[in-house]
Amino acid sequence: MDKKDSSSNAIWWIKNPKAVKDKKSKGLRKSSLGSAFCLDMADLLRNISLQGYNKLLSPNLTLGQRIIWLLLHMATTISLVVVLSLTWEQFVAQSFVTNLKDPLYPVENVPFPAVSICTNNRISRQAIIRYAEELRLNSPVSRPVEYYLERLRFFREFYVHVGAVVDTDDFVTFQTFLDVFGTWNNETFFDTRRIMKQLTPSCKDFVLKCSLANVEIPCFSREAFQESLTMYGPCCTFNMENKLKQRNYKNRLASSELGLTVVLNSSHSDYFAPILNTNGYIVLVHNAENYATVSSSNALEMFPGQGEDSYLQIYARVVDTDDSLKSFSPFGRRCYFDHEAQTPSNEQLMKTYTYAYSFPNCITRCRIRSIIALCRCLPFQMPLQLVENLDGVVYCTLGHVSCLNQYMFKWRNVLTERHIIQGLEREIEEALYCPQCLPSCSDVQYRVSMSALPIDNYLATLKVDENNQTELSSDISVLRVYFADPYAQYYIRLLNNAWFEVFSTIGNIMSIFVGFSMVAIFEILFFLTKYIYEGSNRIVEQNIIDRKAKQLETKKLYICP
């Protein structure tokens with residue numbers, strides 16, 4: 001009784017291995033690779049695990065029915081490709097997402113912001129009278145002090161453009177006088193920063209009393225107020241060196257009694273050149289590591305009134321980025337990690353570089369670069385630490401005011417990306433373009449709200465002496481800065497879809513359309529690998545045969561008659 005040759009319907013099963021061996025041993029001629037491919041392809045369609053492909057070669061169906069099945073499979077394949085491409089575009093477009101990780105993040109872990117307090121009066125009357133007297137003595141022409149006081153009001157233009165009331169020729173004429181008689185012997189150019197610091201009201205005359213966490217503290221120290229530059233020039237800044245970044249539960253600063261309380265002198269007796277139409281003062285809340293300016297999307301600006309007890313509530317939001325996003329480029333994830341932050345290229349500048357990288361500082365650096373390029377000067381309010389090259393840089397004087405006013409729109413409107421918007425083409429072209437500036441991947445964002453009470457409520461809480469008098473007069477203002485809530489919101493930026501989510505989504509789509517599975521992948525890969533291997537083998541065998549034939553041709557013996 002003859003044994004039947006083992007066989008199977010699986011495509012990777014070698015059918016009739018004994019017959020194949022006998023065929024090789026008998027030296028029969030091999031079939032062509034194309035015919036073998038067609039036969040195996042037919043066998044693949046009959047036995048593949050994908051649904052419906054065996055209908056294409058079913059002997060029970062007519063030719064018309066097979067054509068219908070062929071059209072169905074073609075339509076299904078095209079639809080599958082379209083859906084997969086759309087799905088992939090969605091994954092690419094929404095690679096990252098920001099989720100709320102902890103809505104009750106302890107506020108003591110959030111850095112307390114820097115608080116810059118600026119008087120509305122940017123020029124002290126006593127200081128400007130002393131400086132006018134100095135100019136009168138230095139001038140070779142005898143003029144009254146009032147003459148110089150009137151022209152020193154031009155310095156308001158360094159802070160705010162008050163309008164075309166004065167001809168700019170008067171600015172240039174007076175600046176020519178200052179270049180000669182308003183400089184010190186060791187100065188090559190008129191030092192606008194030195195003069196404006198000299199004329200600005202002193203912090204010690206403005207800040208009278210300070211307390212933190214209900215404990216009275218010295219107002220002027222590294223842990224409290226220091227003089228620093230802001231968009232309004234020299235101001236009194238609390239927490240300038242970010243000393244309150246690390247705190248404990250007892251020092252969370254989360255109520256009006258346990259926050260920062262500052263008593264301010266709100267007298268107008270020293271007013272000479274107020275710059276805003278308000279009777280109060282200016283408060284800038286910003287990150288301690290950033291230069292305080294509203295135009296760089298950094299500082300939050302508030303205007304408490306004179307003679308009021310103002311409550312400034314701070315709401316914090318922490319934004320972090322998962323480390324898995326480090327594999328993406330900064331412009332792909334739209335943020336910089338700390339190790340990717342840009343630093344000054346000048347070695348001398350790096351030694352004095354105190355401002356860390358942040359989006360506001362990058363915008364400020366971009367604005368400084370544009371100001372120096374267009375007007376050939378640096379406004380005295382700008383920090384030198386953000387200037388890339390200090391060679392040949394001078395402070396802006398009254399002679400540069402017309403140039404500064406000309407490009408003011410450009411420097412106050414910043415773009416990091418350009419998108420054509422109908423009707424705003426001119427604004428887009430005239431705005432300052434800083435594509436290199438990206439947010440930090442780890443950042444703290446603040447928002448504020450303010451309320452006020454009459455100052456009498458504060459005065460009633462003070463201790464009085466035997467004469468029923470307090471150490472503070474009624475001509476004061478009180479500012480309280482504190483976290484509004486004991487908790488902050490903690491957000492994290494991470495991948496919207498992990499690799500297994502993409503894998504499962506694509507697998508589900510392919511299963512719906514063609515009943516795809518891992519078995520089908522193996523069957524197709526086996527089929528392709530088999531014919532790649534056989535094709536390579538035949539090429540190698542043919543090369544060997546050709547080489548032997550060539551060698552035999554050279555060894556033939558030719559007998560000539």
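Each of Phe174, Phe181, Phe154, Phe177 was evaluated against Tyr148; a single residue qualifies, Phe177, per the ring pair (Phe, Tyr, Trp, His ring centres under 6.0 Å) test. A side chain to side chain contact (heavy atoms under 4.5 Å, CB included) with Phe238 is found for one member of Val262, Val481, Leu260 and no other, namely Leu260. Checked against Ile275 for a side chain to side chain contact (heavy atoms under 4.5 Å, CB included), the options Ile123, Asn120, Asn121 give a single hit: Asn120.
Using a distance-only test at 3.5 Å, with no hydrogens or angles considered, a donor-acceptor pair links the side chain of Asn239 to the main chain of Phe112. Side chain of Arg122 to main chain of Thr119: a donor-acceptor pair is present (N/O by atom type, distance under 3.5 Å, no hydrogens or angles). Panel note: side chain Arg247, backbone Asn251; a donor-acceptor pair is recorded below 3.5 Å.
Going from atom CD1 of Ile363 over to atom CG of Asn290 covers 11.5 Å, rounded to the nearest 0.5 Å. Distance check, rounded to the nearest 0.5 Å: OG of Ser324 to CZ of Arg333 gives 10.0 Å. The distance from atom CG of Leu390 to atom CD1 of Ile372, rounded to the nearest 0.5 Å, is 8.0 Å. Separation of atoms CG (Leu312) and OG (Ser451) is listed at 9.0 Å; rounding is to 0.5 Å. Atom NE2 of His286 and atom OG of Ser358 lie 11.5 Å apart (nearest 0.5 Å).
Closest approach of Ile117 and Phe206 over heavy atoms only: CG2-CE2, 3.3 Å. Shown here for Glu301 and Leu284, the closest heavy-atom pair between the two residues is CG-CD2, 3.8 Å. Of all heavy-atom pairs between Cys377 and Leu404, the closest is SG-CD2, 4.5 Å.
Side-chain contact check for Trp411 versus Leu374: some heavy-atom pair is nearer than 4.5 Å. Counting heavy atoms from C-beta on, the side chains of Val283 and Val285 come closer than 4.5 Å. Proximity of Tyr491 to Asn99: side-chain heavy atoms (C-beta onward) are nowhere separated by under 4.5 Å. Side-chain contact between Ile476 and Leu264: absent, with no pair of heavy atoms (C-beta onward) separated by less than 4.5 Å. Looking at Arg193 and Leu229, their side chains come closer than 4.5 Å, going by heavy atoms from C-beta outward. Considering only heavy atoms from C-beta on, Pro435 stays 4.5 Å or farther from Phe331 through its side chain. For the pair Leu378 and Ile368, the minimum side-chain heavy-atom distance is below 4.5 Å. Residues Tyr147 and Arg151 meet the side-chain proximity criterion, which asks for heavy atoms closer than 4.5 Å.
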Can you list the steps and then say if Glu241 with Arg222 is a salt bridge (charged side-chain N to carboxylate O under 4.0 Å, His left out)?
CA-CA 7 Å; Glu241 299 183 4; Arg222 296 183 61 183; 2.9 Å; yes

side-chain contact (heavy atoms from CB on, under 4.5 Å) evaluation trace for Thr293 with Met382
CA-CA 10 Å; Thr293 171; Met382 296 294 185; over 6 Å; no

Would Arg136 and Glu133 count as a salt bridge (charged side-chain N to carboxylate O under 4.0 Å, His left out) if you check the C-alpha gap in whole Å, the side-chain angles of each, and the deciding distance to 0.1 Å?
CA-CA 5 Å; Arg136 187 186 68 83; Glu133 182 65 24; 2.4 Å; yes

Residues Ser116, Thr230; criterion side chain to side chain donor-acceptor pair (under 3.5 Å); working and verdict
CA-CA 8 Å; Ser116 297; Thr230 69; 5.9 Å; no

Take Leu258 and Leu212 through the test side-chain contact (heavy atoms from CB on, under 4.5 Å) and record every step on the way to the result.
CA-CA 7 Å; Leu258 299 177; Leu212 183 67; over 6 Å; no

Determine whether Arg493 and Asp320 satisfy the following criterion, salt bridge (charged side-chain N to carboxylate O under 4.0 Å, His left out), listing intermediate values before the conclusion.
CA-CA 6 Å; Arg493 186 187 294 108; Asp320 202 359; over 6 Å; no

Are Glu108 and Lys250 close enough, and set up right, to give a salt bridge (charged side-chain N to carboxylate O under 4.0 Å, His left out), and what steps lead you there?
CA-CA 9 Å; Glu108 60 267 20; Lys250 295 181 179 179; over 6 Å; no

Where do Arg367 and Ser295 land on the side-chain contact (heavy atoms from CB on, under 4.5 Å) test, with the steps shown first?
CA-CA 10 Å; Arg367 183 180 292 112; Ser295 56; 3.4 Å; yes

If you apply the rule side-chain contact (heavy atoms from CB on, under 4.5 Å), what do you find for Met196 with Gln381, and how did you get there?
CA-CA 9 Å; Met196 297 310 296; Gln381 304 97 322; over 6 Å; no

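If you check the gamma sulfurs of Cys366 and Cys434, they are less than 2.5 Å from each other. On the SG-SG cut-off of under 2.5 Å, Cys396 and Cys375 do not qualify. Cysteines Cys437 and Cys362 have SG atoms closer than 2.5 angstrom.
The environment of Lys410 atom NZ is dense: over 12 non-hydrogen atoms of other residues, nucleotides or ligands sit within 6.0 angstrom. Residue Asp338 places its CG atom among 12 or fewer non-hydrogen atoms of other residues, nucleotides or ligands, all under 6.0 Å distant.
Annotation: cation-pi geometry not satisfied between Arg334 and Phe96 (NZ/CZ under 6.0 angstrom from ring centroid, within 45° of ring axis).
Relative ring orientation between Tyr159 and Phe380 is described as perpendicular, the plane-to-plane angle rising above 60° on a 0-90° scale split at 30° and 60°. The aromatic rings of Tyr311 and Tyr482 stand perpendicular to each other, their planes meeting at an angle above 60°, with 30° marking the opposite boundary.
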